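Quick caveat, the model's predicted, so the values are computed rather than measured. Side chains included, hydrogens not; waters and symmetry mates left out as well; all remaining heavy atoms used.
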Amino acid sequence: MRHAISSSSATSRRNLLLGTAAAGALFAAGCTSNENNDDGDNAKQAANTANDKPGKAVTIGFAGPQADHGWLNAINEQAKRRAKEYKDVTLEATEGSNDTAQQIGQIETLINKKVDVLVILPADGKALTQVGLKAMRAGIPVVNLDRIFASPQAYRCWIGGDNYGMGLNAGRYIGEQLKGKKNAKVIELAGIDNLELTRQRTEGFNDALKNYPNIKKVGRQAAEFTVESGQSKMAQLLQAHSDFDALWNHDDDQGVGAERAIKQAGRDDFLMVGGAGAKHAMDAIRADNSVLKATVLYPPTMAASAIDLARALGQGKGVGGLAELEIPASLTLYSAVVTKDNVDEYLPTGFS
């Protein structure tokens, strides 16, 4: 991916994600209790922790999505880029598919190849649960990426974004911007309504707004995560609501269309918050010359971290900074809010 983070930056962000804070806490605890510190145990712990040094060779099967969306393409690129950073990792990647039957076939091929670990972002978590179970029963641990399987028996570890937290943080940001305004009005441009992630994002947004009694949500439209749907649904919202103070758009890709509709309508009387963390959105936030003032991250770097976790599983190691000898059962990423005050920090993670 053209805008992927550099190797050194990737390493530092990976450490932050997988426990740098915990490492600091553990170090502090050790400093206050040296008499109970066992150097032999610490050395053993370090030996059982995955790091950047080459170790046991691991073949990782990666079954990702069809790259028909900026975020999904970034998922695939992040996984491939991270795997190339490790001399001890061989990545067996499928072409990616949003067709359930085709993706199941691709995963079964990887199972038959006897890969050491599987990383799967399922087109449909419920529909692919059985093939996840099949892999686990074959002794191939599964790292379930983002869209979750219906059974925890179908994966060893889940890593993904926080859809509820994404909506919550979008609502909090908008609430803080409008907390001094009487009878403030907001509207919402959601994603695909039959997806659980869309419902979770809306639920988080609604819950955040409950903390701001001066704000009322007056309109909502569901788009389809595409530029075209974003433009048409935003045009409908603008026609229906001539006066509002803020817009939350769930997805930066459909946000491109939403911004077109806003410009065509000649509107600049409200603030807009995007979602996911596309580079074009961050560029606009940095320029500070449009209604787009913030975006709430749903970081595709989770795919790079999934490769890290798969490598650790394949080598029988734990995660640096955590006391446990095994990797966690789940990791939920934080949905940070990117504004003009911190955009330079997050810009390298923006995706096309």
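- Screening residues 213-234 for ring pair (Phe, Tyr, Trp, His ring centres under 6.0 Å) gives no qualifying pairs among residues at least two apart or on separate chains.
- A salt bridge does not link Lys185 with Asp245: every distance from a Lys NZ or Arg NE/NH1/NH2 to an Asp or Glu carboxylate oxygen is 4.0 Å or more.
- Val218 is not listed as a side-chain neighbour of Val186, based on a closest heavy-atom distance of 4.5 Å or more.
- With sequence neighbours excluded, the residues that form a side-chain hydrogen bond (donor to acceptor under 3.5 Å, both in side chains) with Asp344 are Arg286.
- Under the side-chain hydrogen bond (donor to acceptor under 3.5 Å, both in side chains) criterion, the residue pairs touching residues 209-218 are Glu176-Tyr212, Glu188-Lys217, Asn206-Lys217, Asp207-Lys210, with sequence neighbours excluded.
- Arg311 and Asp88 are joined by a salt bridge, as a carboxylate oxygen and a charged side-chain nitrogen come within less than 4.0 angstrom of each other.
- One hydrophobic cluster holds both Met234 and Val291 under the rule that ILVMFWY side chains link at heavy-atom gaps under 4.5 Å.
- Asp269 has a carboxylate O that lies under 4.0 Å from a charged side-chain N of Arg267, or vice versa, which qualifies the two as a salt bridge.
- Side chains of Arg156 and Val143 form no contact here, defined as non-hydrogen atoms less than 4.5 Å apart.
- A 4.5 Å side-chain heavy-atom check between Gln106 and Leu110 finds every atom pair outside the cut-off.
- Applying the ring pair (Phe, Tyr, Trp, His ring centres under 6.0 Å) test to pairs two or more places apart or on separate chains, none has a residue in residues 139-185.
- Between Ile174 and Lys293 the shortest side-chain heavy-atom distance does not fall below 4.5 Å.
- No salt bridge links Arg199 with Asp193; every basic N to acidic carboxylate O contact stays at or beyond 4.0 Å.
- A 4.5 Å side-chain heavy-atom check between Asn98 and Pro65 finds at least one atom pair inside the cut-off.
- Between the side chains of Asp253 and Thr226, not a single donor N or O lies within less than 3.5 Å of an accepting N or O.
- Applying the ring pair (Phe, Tyr, Trp, His ring centres under 6.0 Å) rule to pairs touching residues 94-115 yields nothing, sequence neighbours excluded.
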| task | Start with the C-alpha distance between Ser229 and Glu224, add both sets of side-chain angles, then the distance that settles side-chain hydrogen bond (donor to acceptor under 3.5 Å, both in side chains), and finish with yes or no. | result | CA-CA 6 Å; Ser229 68; Glu224 299 175 1; 5.0 Å; no
| task | Output, in order, the C-alpha distance, side-chain angles, deciding distance and verdict of side-chain hydrogen bond (donor to acceptor under 3.5 Å, both in side chains) for Thr301 and Arg82. | result | CA-CA 9 Å; Thr301 49; Arg82 176 67 92 226; over 6 Å; no
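- Summarising the local packing, CG of Asn112 is surrounded by more than 12 heavy atoms from other residues, nucleotides or ligands at distances under 6.0 Å.
- Salt bridge annotation for Lys263-Asp268: absent, with no cationic side-chain nitrogen under 4.0 angstrom from a carboxylate oxygen.
- Heavy atoms only, all atoms of each residue included: Thr198 and Ala190 are closest at CG2-CB, 4.0 Å.
- Under the 3.5 Å distance criterion, with hydrogens and angles disregarded, no donor-acceptor pair is assigned to the side chains of Asp99 and Gln66.
- For Gln200, the CD atom is densely surrounded, since the number of other residues' heavy atoms within 6.0 Å is greater than 12.
- Listed by first then second residue, pairs satisfying ring pair (Phe, Tyr, Trp, His ring centres under 6.0 Å) with a partner in residues 245-298 read Trp71-Tyr298, Phe205-Trp248, Phe244-Phe270, Trp248-His250, not counting sequence neighbours.
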